[in-house]
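Following: one structure in structure tokens, then a few remarks.
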There are 2 protein chains.
Amino acid sequence: MSAPEIEQLIHLLAKLPSFGPRSARRAVLFLLNKKESHFDPLLTALKTVRDKIEACPICGNMDTTVPCAVCADATRNHGQICVVRDVADLWALERAGVFRGTYHVLGGVLSALDGVGPEDLRIADLIQKAATGSATEIILALPATIEGQTTAHYLTDRLKDFPVKISALSRGVPVGGELDYLDDGTLQMAFKSRRDVG
Amino acid sequence: MSAPEIEQLIHLLAKLPSFGPRSARRAVLFLLNKKESHFDPLLTALKTVRDKIEACPICGNMDTTVPCAVCADATRNHGQICVVRDVADLWALERAGVFRGTYHVLGGVLSALDGVGPEDLRIADLIQKAATGSATEIILALPATIEGQTTAHYLTDRLKDFPVKISALSRGVPVGGELDYLDDGTLQMAFKSRRDVG
């Protein structure tokens with residue numbers, strides 16, 4: 001068995017998503033073999049992120065500034081609010097670079113199975129944004145899963161009495177998608193929402 | 001895009017074995033969401049391991065003490081030296097708890113493809129241990145791969161003139177192994193080295 005200090009580190013690393021005890025052990029040995037070139041820069045980067053990054057009180061994004069860079073950007077359309085499940089999805093949309101509005105991170109999706117109810121998500125804040133009239137359009141960019149769509153329906157219902165346009169991402173064949181490899185649900189959806197191109 | 005501090009951390013994490021950019025991003029968000037319960041303990045554990053763990057100058061094991069706990073243990077047989085590829089393999093044998101001798105970590109195996117020659121491994125140290133007569137048996141516990149076995153042959157050849165017994169782990173059907181699922185090489189080896197049980 002290795003030293004208790006190493007076992008403790010492996011135990012903590014193994015809790016990270018996509019890590020297990022075996023890969024955590026390999027990562028620790030990798031770092032110990034490259035103390036100067038990898039271990040020290042990683043420690044510094046972790047400490048910086050730990051100390052500097054805060055959740056934005058407006059949208060829930062993670063950034064070094066409060067409010068975050070997106071919410072602080074006056075050139076963005078603050079009336080358009082894109083609702084996402086988590087910060088990873090927000091970053092994915094930012095990487096795609098198609099949206100110039102702002103975001104609202106729910107912090108999850110409704111799930112009876114996992115015991116996640118409306119009060120566990122940042123839904124009250126979103127209703128507030130719609131109620132005060134500061135939002136003109138709310139774009140639901142939630143996962144195309146049962147939970148994601150249940151959440152989208154719930155939000156649509158809660159928001160329907162406010163003077164705000166509600167939209168959702170379109171569904172269909174993804175770019176580069178071979179019809180042969182797509183699931184039946186996607187194909188049915190793509191047929192039902194077919195566009196007029198004539 | 002997320003803050004440059006986060007991007008830098010993701011970049012460094014993505015270099016760890018079994019991590020890529022996407023899983024590194026998920027790990028960072030996981031930590032940011034659990035600053036007190038996960039991020040802080042992980043930082044402390046990493047710093048402790050970084051500062052306390054050293055490579056043992058005798059065997060190459062990683063431990064908080066110099067020499068390591070295995071080499072410092074007077075109840076172990078210091079004449080029996082088990083040669084392993086890396087520290088992960090040493091720990092695996094220690095977990096199995098079958099061996100009460102000491103180790104010698106090579107730091108890799110010979111590989112023409114990866115440009116690893118004898119001078120890149122801790123082979124001179126091993127020869128030294130055999131030459132001084134401090135070793136009575138050298139057990140080659142190297143991987144059953146082409147590189148591992150090439151290394152084992154090379155070591156056997158280099159050690160053959162010294163008064164030391166050289167052995168290697170046995171080969172055959174692993175515990176719980178269904179013959180139907182084993183590769184041909186293992187089956188051939190298991191047949192060739194069949195034991196007399198009559």
Side-chain angles (χ1 to χ4, degrees), chain A residues 1-13 15-20 22-35 37-55 61-65 68-70 86-88 90-92 94-95 97 107, chain B residues 1-13 15-20 22-35 37-55 61-65 68-70 86-88 90-92 94-95 97 107:
Chain A
M1 206 65 67
S2 46
E5 288 85 350
I6 294 180
E7 290 299 321
Q8 166 68 0
L9 177 56
I10 290 168
H11 172 74
L12 287 167
L13 274 178
K15 287 182 184 163
L16 294 184
S18 84
F19 252 146
R22 189 175 291 267
S23 46
R25 182 167 285 119
R26 285 179 59 218
V28 171
L29 286 169
F30 174 88
L31 289 172
L32 281 172
N33 280 322
K34 294 166 192 248
K35 278 192 176 178
S37 64
H38 278 79
F39 210 153
D40 290 344
L42 180 64
L43 262 176
T44 311
L46 277 166
K47 230 183 123 26
T48 308
V49 164
R50 166 65 183 86
D51 295 338
K52 282 202 181 173
I53 306 292
E54 294 289 340
N61 187 14
M62 295 283 185
D63 206 348
T64 41
T65 52
C68 75
V70 173
D86 52 34
V87 177
L90 189 164
W91 290 352
E94 281 297 285
R95 279 199 299 281
Chain B
M1 206 64 67
S2 47
E5 288 84 353
I6 294 180
E7 291 299 322
Q8 166 69 1
L9 176 56
I10 290 169
H11 172 75
L12 287 168
L13 275 178
K15 287 182 185 164
L16 294 184
S18 83
F19 253 146
R22 189 176 292 266
S23 46
R25 182 168 286 119
R26 286 180 59 219
V28 170
L29 287 169
F30 174 88
L31 289 171
L32 282 171
N33 280 323
K34 294 164 192 250
K35 278 192 177 177
S37 65
H38 279 79
F39 210 153
D40 290 344
L42 180 63
L43 261 176
T44 310
L46 277 167
K47 232 186 119 26
T48 308
V49 165
R50 166 65 182 89
D51 294 339
K52 281 201 182 174
I53 305 293
E54 294 288 339
N61 188 14
M62 295 283 185
D63 207 347
T64 41
T65 53
C68 75
V70 173
D86 51 34
V87 176
L90 189 163
W91 290 352
E94 281 297 286
R95 280 199 299 280

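Proteins get letters first, then strands, A, B, ... in listed order; numbering begins at 1 in each. Only a predicted model underlies this, so the values are computations on that prediction, with no experimental measurement involved.
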Under 4.5 Å from any heavy atom of chain B - which part of [X]:
X	answer
Lys34(A)	neither
Lys52(A)	side chain
Ala88(A)	both

For the candidates [options], which exhibits the highest count of non-hydrogen atom pairs separated by less than 4.5 Å from chain A?
options	value
Arg50(B), Lys15(B), Arg22(B)	Arg50(B)
Met62(B), His11(B), Glu54(B)	Met62(B)
Leu29(B), Thr48(B), Thr64(B), Leu13(B)	Leu29(B)
Val28(B), Asp40(B), Asp86(B)	Asp40(B)

Partner chain B: residue of Val87(A), Leu90(A), Ile6(A) with the largest heavy-atom pair count (under 4.5 Å): Ile6(A)
Contact leader toward chain B among Asn33(A), Val70(A), Thr44(A), Ile53(A), where contacts are heavy-atom pairs under 4.5 Å: Ile53(A)
What distance separates [X] [atom1] from [Y] [atom2], expressed to the nearest 0.5 Å?
X	Y	atom1	atom2	value
Leu46(B)	Leu46(A)	CG	CG	6.5 Å
Glu5(B)	Asp63(A)	CD	CG	8.0 Å
Leu42(A)	Gln8(B)	CG	CD	9.5 Å

Minimum-distance pair of heavy atoms, taken over all atoms of [X] and [Y]:
X	Y	result
Leu16(A)	Ala27(B)	CD1-CB, 4.2 Å
Phe19(A)	Pro17(B)	CE2-O, 4.2 Å
Ala45(A)	Leu9(B)	CB-CD1, 3.9 Å

Heavy-atom contact with chain A under 4.5 Å, split by part of Lys47(B): both
Residue of the set Leu31(A), Leu32(A), Leu43(A) for which side chain to side chain contact (heavy atoms under 4.5 Å, CB included) holds with Val49(B): Leu32(A)
